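Comments concern the structure below.
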Amino acid sequence: MTIVKRLVILLPGFEHMPVEAHHRRFVREAGKTAPVYDMTVSEPSPLSVSAVEDGVAMGRFSLNAKGDDWAAHTDFVLYGLGDITLFYASRNPAVRLLSGLLALLDFIVSGTFFRFIMTSWRYALFFVYPLLVLAAILIASIGMGYLVDDAFPNSPFVLAGTSLLAGICLLWFSAAKLHLLLLMDDWTFARDMARGKRSDVMTKMEKVVGHAASLISEAPSDTEVIIAAHSLGAICALPIIDEAVKRNKSRRYGLLTVGSSLLKVALHPAASRLRDCVANVAQSNTTWIDAQSLTDPMNFYKSDPIRDLDIAKGKSPVLMQVRFRHQLCDETYKAIRRDFFRVHRQFVFGVDKRTHYSWHAILCGPQRFADIAARGGLPCEKTLCSKDSLKIVGPAIT
């Protein structure tokens, strides 16, 4: 029987979620995916939550996966990057909106937006999206003011008052339904990471990098090490690998970035430190898989970080193109396809059909990461659509 031992460092994207919520989602979706890939998954012990220095939460849990002739034990270390980014959501809504606009202006003036266009025009559309929403709010609120003013022509302050009230209502709707303020926080965070503007945020990120690198260096030599990052988690993953390589160059590392927003920051001219990390990782003993999807407007589809950052030496990642339509039953895909945030999260959600990509099958299954990269994905000879409930044993999942 093949037995795999694995350590996975999990880095979530820009979501203001505690580690407990990320853990529940991972275990729930792993249970959904397990029967699709002919495996069972069990959690031998409950989640253990502690904190690294400066108050960033860290969750530890393990999953055991089994198949006909194999078994895998994976230890997960999940960092609560939401503890770092939660600062942005705690600010006054007006401050969040203004700082987001300034960040977007920074990306335009610095030329980064035009690099987005040259690298992935779909991502450039995502950049423009909040500006279009704000323009629509401005036009609609002024138009509403004129309509009411025409109805009450002799009433003072009707135009200004109605426009202001309509604008506030539309901003509230956009924040609640169109994720406007979350997007503004996201761009502010990206600008701060590129320029190193907030020392408190940068310090917390550096503590996570150092802590994760220390855990990796302590892992037994027969344990496979994978750093797995979703979306903006990639800007933390590359420095972790870089630091781990500095401590041990001979060890083989695995890097899995999915729906990556690495280039969102790295293409900014001020982000030289992050680009140096990418260059170092590209020249190291690291196997890198970068999963991308045409359906997701929030990732750089068909990009190559090494090529697009003009890194002269180094190995490009294995680019894995994912079609969510092929992974999901028709009713599931139809339910999510118009919600671009939910589509973006599909990279880390469970699947109904077997394909060459699955977040949970890669991180919990029997295939070695280097073997998955060598063949360009998971074995997917079998295709099925499963509506089974969770196949997971252990502590209750809520």
Side-chain angles (χ1 to χ4, degrees), residues 8-34 36 59 76 78-86 88-89 120 122-123 125-126 129-130 175-187 189-190 227-237 256-264 289-301 320-329 331-353 355 357-364 390 397:
V8 174
I9 306 296
L10 282 177
L11 302 167
F14 194 86
E15 293 185 86
H16 305 315
M17 287 172 54
V19 293
E20 293 86 352
H22 280 294
H23 163 259
R24 286 195 298 270
R25 183 169 73 184
F26 189 95
V27 175
R28 181 188 69 235
E29 299 301 315
K32 174 183 177 181
T33 300
V36 179
F76 292 93
L78 169 62
Y79 287 97
L81 300 186
D83 293 339
I84 300 175
T85 61
L86 187 60
Y88 295 92
S120 177
R122 291 179 180 85
Y123 198 83
L125 293 179
F126 169 66
Y129 171 77
K177 300 298 183 181
L178 303 179
H179 314 290
L180 178 63
L181 291 182
L182 178 62
L183 287 172
M184 290 303 188
D185 293 342
D186 179 58
W187 283 107
F189 174 72
I227 292 80
H230 175 232
S231 192
L232 266 176
I235 69 170
C236 187
L256 176 62
T257 52
V258 303
S260 172
S261 295
L262 173 66
L263 293 178
K264 176 178 190 170
I289 296 176
D290 187 44
Q292 308 169 357
S293 178
L294 171 67
T295 315
D296 176 21
M298 297 173 65
N299 76 152
F300 286 82
Y301 183 64
M320 189 181 295
Q321 295 178 7
V322 183
R323 297 298 298 272
F324 296 140
R325 179 190 294 272
H326 298 162
Q327 294 187 313
L328 301 172
C329 294
E331 58 270 26
T332 303
Y333 182 73
K334 289 177 182 178
I336 73 168
R337 66 180 179 177
R338 299 189 188 281
D339 184 344
F340 64 85
F341 263 92
R342 176 59 181 83
V343 168
H344 185 55
R345 295 187 183 108
Q346 181 55 39
F347 281 107
V348 296
F349 270 67
V351 299
D352 301 316
K353 302 176 184 179
T355 65
Y357 169 79
S358 163
W359 176 251
H360 303 92
I362 290 174
L363 299 179
C364 300
L390 300 184
I397 308 301

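From a predicted model like this one, the values you see are computed outputs, not experimental measurements.
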Once rounded to the nearest 0.5 Å, what's the spacing between atom CG of L81 and atom CG of D83? 8.5 Å
Pairwise distance CZ(R325) to OG1(T355) - rounded to 0.5 angstrom: 14.5 Å
Do the non-hydrogen side-chain atoms of V348 and P12 ever get within less than 4.5 Å of each other? no
Any side-chain heavy-atom pair from H16 and D185 closer than 4.5 angstrom? yes
Just so I know, are the side chains of W359 and L256 near enough to count as touching, which here means a heavy-atom distance under 4.5 Å? yes
Parallel, tilted or perpendicular: rings of F324 and F347 (30°, 60°): perpendicular
Looking at the rings of F340 and Y129, which for Trp means the six-membered one, are their centres under 6.0 Å apart? yes
With a 4.5 Å limit on heavy-atom distance, are the side chains of F76 and L363 in contact? yes
State whether the side chain of E29 and the backbone N or O of G350 hold a donor-acceptor pair below 3.5 Å, judged by distance alone. yes
If I compare all heavy atoms of G13 with all of S231, which pair ends up nearest, and what's the gap? CA-CB, 4.0 Å
Checking the side chain of S293 only, and the main-chain atoms of V322 only, is there a donor and an acceptor separated by less than 3.5 Å? yes
Separation between CG (L86) and CD (E15), nearest 0.5 Å, reads 13.0 Å
Residues Y357, Q321; criterion side-chain hydrogen bond (donor to acceptor under 3.5 Å, both in side chains); working and verdict: CA-CA 9 Å; Y357 169 79; Q321 295 178 7; over 6 Å; no
Taking the side chain as every heavy atom from C-beta outward, state whether L182 and F14 have any atom pair closer than 4.5 Å. yes
Which atom pair, heavy atoms only, marks the closest approach of I235 to S261? CG2-O, 4.4 Å
Residue pair K32 / F349, side-chain heavy-atom distance below 4.5 Å: no
So which atom in I227 and which in A237 form the shortest heavy-atom distance, rounded to 0.1 Å? CG2-CB, 3.6 Å
Could you check H22 against R25 for side-chain contact (heavy atoms from CB on, under 4.5 Å), going step by step and ending with a plain yes or no? CA-CA 5 Å; H22 280 294; R25 183 169 73 184; 3.7 Å; yes
Go through it in stages, so that I can follow the logic: the residues are F26 and H360, the test is ring-ring contact (aromatic ring centres under 6.0 Å, His included), and I'd like the CA-CA distance, side-chain angles, deciding distance and then a yes or no. CA-CA 8 Å; F26 189 95; H360 303 92; 4.7 Å; yes
For residues T295 and Y333, determine if any side-chain heavy atom of one lies less than 4.5 Å from a side-chain heavy atom of the other. yes
Hey, what do you get for OG1 (T257) to CD (Q292), rounding to the nearest 0.5 Å? 8.0 Å
Main chain of L328, side chain of T332: is a donor-acceptor contact present, judged purely on distance under 3.5 Å? no
I'd like to check F126 versus N299 (side-chain heavy atoms, cut-off strictly below 4.5 Å). Are they in contact? no
Within this structure, what is the CG-CG distance for the pair D290 and L262, rounded to the nearest 0.5 Å? 8.0 Å
Polar contact flag, side-chain donor to acceptor under 3.5 angstrom, Q327-R323: no
Nearest heavy-atom approach of V8 to A228 is CG1-CB, 4.2 Å
Spacing of CG belonging to L181 relative to CG belonging to D186, to within rounding of 0.5 Å: 12.5 Å
Heavy-atom closest pair, residues L11 and G233: CD1-O, 3.8 Å
Just to verify, which of R345, Q346, H344, R122 counts as forming a side chain to side chain donor-acceptor pair (under 3.5 Å) with D296? H344
